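Down below is the structure, laid out as structure tokens.
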Amino acid sequence: MTQVKLLSSRVSLPLFKHPLSFPPQAQKPCPSLFCSSSFSVMLRLKALTFLLLLLLLALCSGVHLCDARSGTRWSRTTRGGGSGAAPSASAAAIGRKGKARSSGSSHRQSGEGSRSPTDGDPVQGDGSQAPPPQDTTVFSVVEFGAKGDGVTDDTQAFEAAWAAACKVEASTVLVPSGLEFVVGPISFSGPYCKPNILFQLDGTILAQTSARAWGSAGLLQWLEFTKLTGIAVQGSGVINGRGQDWWTYADPNDADDESVEMLLPRTKPTALRFYGSSNVTVAGITIVNSSQCHLKFDSCEGVMVHDLSVSSPEDSPNTDGIHLQNSRGVDIHHATLACGDDCISIQTGCSDVNIHSVNCGPGHGISIGGLGRFNTKACVSNVTVRDVKMFRTTTGVRIKTWQGGSGLVQGVRFSNIQVTEVQTPIMIDQFYCDRATCRNQTSAVAVSGVQYEDVRGTFTVRPAHLACSDSSPCSGITLAGIQLQPLPLPQHRRLSYDPFCWQAFGELYTPTVPPIPCLQIGRPAAGNSVLSDGDLC
């Protein structure tokens, strides 16, 4: 820098007007070419060039023309096109990393408020913004021809929408709101469908009421999802089974030939069934007036049901709310269930079932069973029912088994059950029979390890009914916090509201109201084996 300043100081007059000053001895005549006037001009040009370079360096350091640290990049662009060459992959990566730091300053520098390519919007090669990509994973039944007018049969449109969604992972079948779709029996089936399909139900699905749609023999289910992984049915929509036509079934022997042809078959379908599926979710929907069971899970694993509403008349026959069979890992919560049979029915092969925050009634309560019918083996374990409210149900929390069966019910807990006008809040019945008479048989499904905690409220017939088998007495029955008050009703007028027990063994952890002295403290006698080899599950 010292040398530069010296050189600069020697130029004291405007350029091109004054020659450079040299020592006197340098101005002597010289025959050499280097002493000519052209040499003097050359020196002046060199000095001028050097000064211009210094000026350029000074400007560069002041305005940051090459400031890569600030994230600003220069590119050669034209008004009508993009840059002369596409940016390299590394440059694009640098732009993504520096997006948060540079986007604000680059907007101000451009003066037009335009977004840079690094801000996340797709940009075409000519610099214009690309249109947003279309969602190709949503398949509306309307786009496949469904009318939704409440009259036209839309079954084929539903089948076509499912066939398209089946091929795409995490796709959605959309049943839009504000429309009513008449649909006949249909199976949304795998096992070759992609996982995690969502059936978004926001409209209303109506069952076909034409006898021809169900065939002469009838079907066991209406809407069925089979052999799927990650299937979810959710939304704010309604599934209406229109079961009134099934409940008022007339005897064909009392009808003429023409009317017999129009009768619905005796076999009644479940409204919504899941079979052989895993990671199943049902949420938010409403199911009304199913001809038989409203919602069924068979041979499923990993089931979640919440914010579900089920509704059918109190006198509608066999209209269970939720039916579980051969299913494991089931969680049911925040549901409102009113029907003509069990609010929730837990059948053989079920384990690890958790039910809580459920409103039940009218109906028959929450039941395990009936188990062991036709001399079959039944196994149920690890069931918890808690934080449940029941209103005007025939039973509260119940275990029911047929005579002649085998197997075991174990590890059951009923906790914080609030009952209002329930006929019999606590029930174990190993002599279950749904007809006038049943044949007496010796064997029975064993019942062991059942806890009743904090069952409170009002009953109209009997506080507890514990009827166990002579050959396989109930064991490990524990009662705690039982507070039940009689509520006499004209239709249930009785002389006594005493509890009933037979071959029931266990413990009273706290005094009960009313007292239940018929529970035998301890375990059954050695001669009455609770578990046989046939009972092992």
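Just so it is clear, the model here is predicted, and its values are computed rather than measured.
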Before giving the answer on side-chain hydrogen bond (donor to acceptor under 3.5 Å, both in side chains), spell out for S415 and R386 the whole-Å C-alpha distance, their side-chain angles and the decisive distance to 0.1 Å.
CA-CA 5 Å; S415 177; R386 61 180 175 85; over 6 Å; no
Could you give me the CA-CA distance, side-chain angles and deciding distance for Q503 and Q430, then say whether side-chain contact (heavy atoms from CB on, under 4.5 Å) is met?
CA-CA 10 Å; Q503 294 294 323; Q430 286 188 299; over 6 Å; no
Assess the residue pair Q423 and T395 against the criterion (side-chain contact (heavy atoms from CB on, under 4.5 Å)); give the C-alpha distance rounded to whole Å, side-chain angles, the decisive distance to 0.1 Å, and a yes or no.
CA-CA 6 Å; Q423 293 182 26; T395 60; over 6 Å; no
Show, in sequence, the C-alpha distance, side-chain angles and deciding distance for S475 and S448, and conclude whether the side-chain hydrogen bond (donor to acceptor under 3.5 Å, both in side chains) test is met.
CA-CA 5 Å; S475 66; S448 178; 3.2 Å; yes
Full working for side-chain hydrogen bond (donor to acceptor under 3.5 Å, both in side chains) between E180 and N240:
CA-CA 10 Å; E180 294 184 338; N240 188 342; over 6 Å; no
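Side chain of S316 to backbone of P313: a donor-acceptor contact under 3.5 angstrom is found. In this structure a side-chain-to-backbone donor-acceptor pair under 3.5 Å is missing from T393 to F391. Checked by atom type and distance alone, the side chain of D202 pairs as donor or acceptor with a backbone atom of S236 at under 3.5 Å. Remark: the backbone N or O of F431 is paired with a side-chain donor or acceptor of D429 at under 3.5 angstrom. A donor-acceptor contact shorter than 3.5 Å links the side chain of D154 to the backbone of K147. No donor-acceptor pair closer than 3.5 Å links the side chain of R456 to the backbone N or O of L484. Without hydrogens or angle criteria, S351 side chain to V380 main chain gives no donor-acceptor distance under 3.5 Å. Within the 3.5 Å criterion, the main-chain N or O of Q441 finds a donor-acceptor partner in the side chain of Q403. Looking only at distances, no side-chain donor or acceptor of Q325 sits under 3.5 Å from a matching main-chain atom of Q347. Judged purely by atom type and a 3.5 angstrom limit, S327 has no side-chain atom pairing as donor or acceptor with the backbone of C350.
For residues 430-462, the disulfide (SG to SG under 2.5 Å) pairs, not counting sequence neighbours, are C433-C438. Counting only residues at least two apart or in different chains, disulfide (SG to SG under 2.5 Å) contacts with residues 386-416 are absent.
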Could you list the donor-acceptor pairs under 3.5 angstrom formed by side chains in residues 329-341, with sequence neighbours left out?
{"from": "D341", "atom 1": "OD1", "to": "H364", "atom 2": "ND1", "distance (Å)": "3.4"}

Would you tabulate the side-chain donor-acceptor contacts of residues 291-302 under 3.5 Å, counting partners in other chains and residues two or more places apart, or write 'none'?
{"from": "S291", "atom 1": "OG", "to": "P269", "atom 2": "O", "distance (Å)": "2.8"}
{"from": "H294", "atom 1": "ND1", "to": "D320", "atom 2": "O", "distance (Å)": "3.1"}
{"from": "H294", "atom 1": "NE2", "to": "S290", "atom 2": "N", "distance (Å)": "3.3"}
{"from": "D298", "atom 1": "OD2", "to": "R273", "atom 2": "NH2", "distance (Å)": "3.2"}
{"from": "E301", "atom 1": "OE1", "to": "R328", "atom 2": "NH2", "distance (Å)": "3.1"}

Side-chain donor-acceptor pairs under 3.5 Å in residues 161-177, sequence neighbours left out?
{"from": "S171", "atom 1": "OG", "to": "A165", "atom 2": "O", "distance (Å)": "2.7"}
{"from": "S171", "atom 1": "OG", "to": "V168", "atom 2": "O", "distance (Å)": "3.0"}

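If you run side chain to side chain contact (heavy atoms under 4.5 Å, CB included) between M390 and each of V397, V358, N359, V455, only V397 comes through. Residue I231 is tested with I197, T281, V282 for a side chain to side chain contact (heavy atoms under 4.5 Å, CB included); the sole match is I197.
When every heavy atom of T348 is checked against every heavy atom of L371, the shortest pair comes out as N-CD2, 3.5 Å. Here the closest non-hydrogen pair linking S367 and K400 is CB-CE, 4.1 Å. Between C193 and L228, the shortest heavy-atom contact is CB-CD2, 3.8 Å. Here the closest non-hydrogen pair linking A207 and R242 is O-NH2, 2.8 Å.
With hydrogens and angles left out, the side-chain atoms of N416 and D454 include no donor and acceptor closer than 3.5 Å.
Put simply, OG1 on T270 and CG on L220 are 7.5 Å apart, with the number rounded to the nearest 0.5 Å. Remark: T319 OG1 to N289 CG distance equals 9.0 Å, nearest 0.5 Å. Taking CD from E224 and OG from S277, the interatomic distance works out to 9.0 Å, rounded to the nearest 0.5 Å.
Around the CZ atom of R373, the shell of radius 6.0 Å holds more than 12 heavy atoms that belong to other residues, nucleotides or ligands. Heavy-atom contacts from other residues, nucleotides or ligands closer than 6.0 Å to CD of Q156 number 12 or fewer.
In this structure, H465 and I426 have side chains that are not in contact, with every pair of non-hydrogen atoms separated by 4.5 Å or more.
Applying the side chain to side chain contact (heavy atoms under 4.5 Å, CB included) rule to N382 yields the partners D352; only residues at least two apart in sequence or on another chain are considered.
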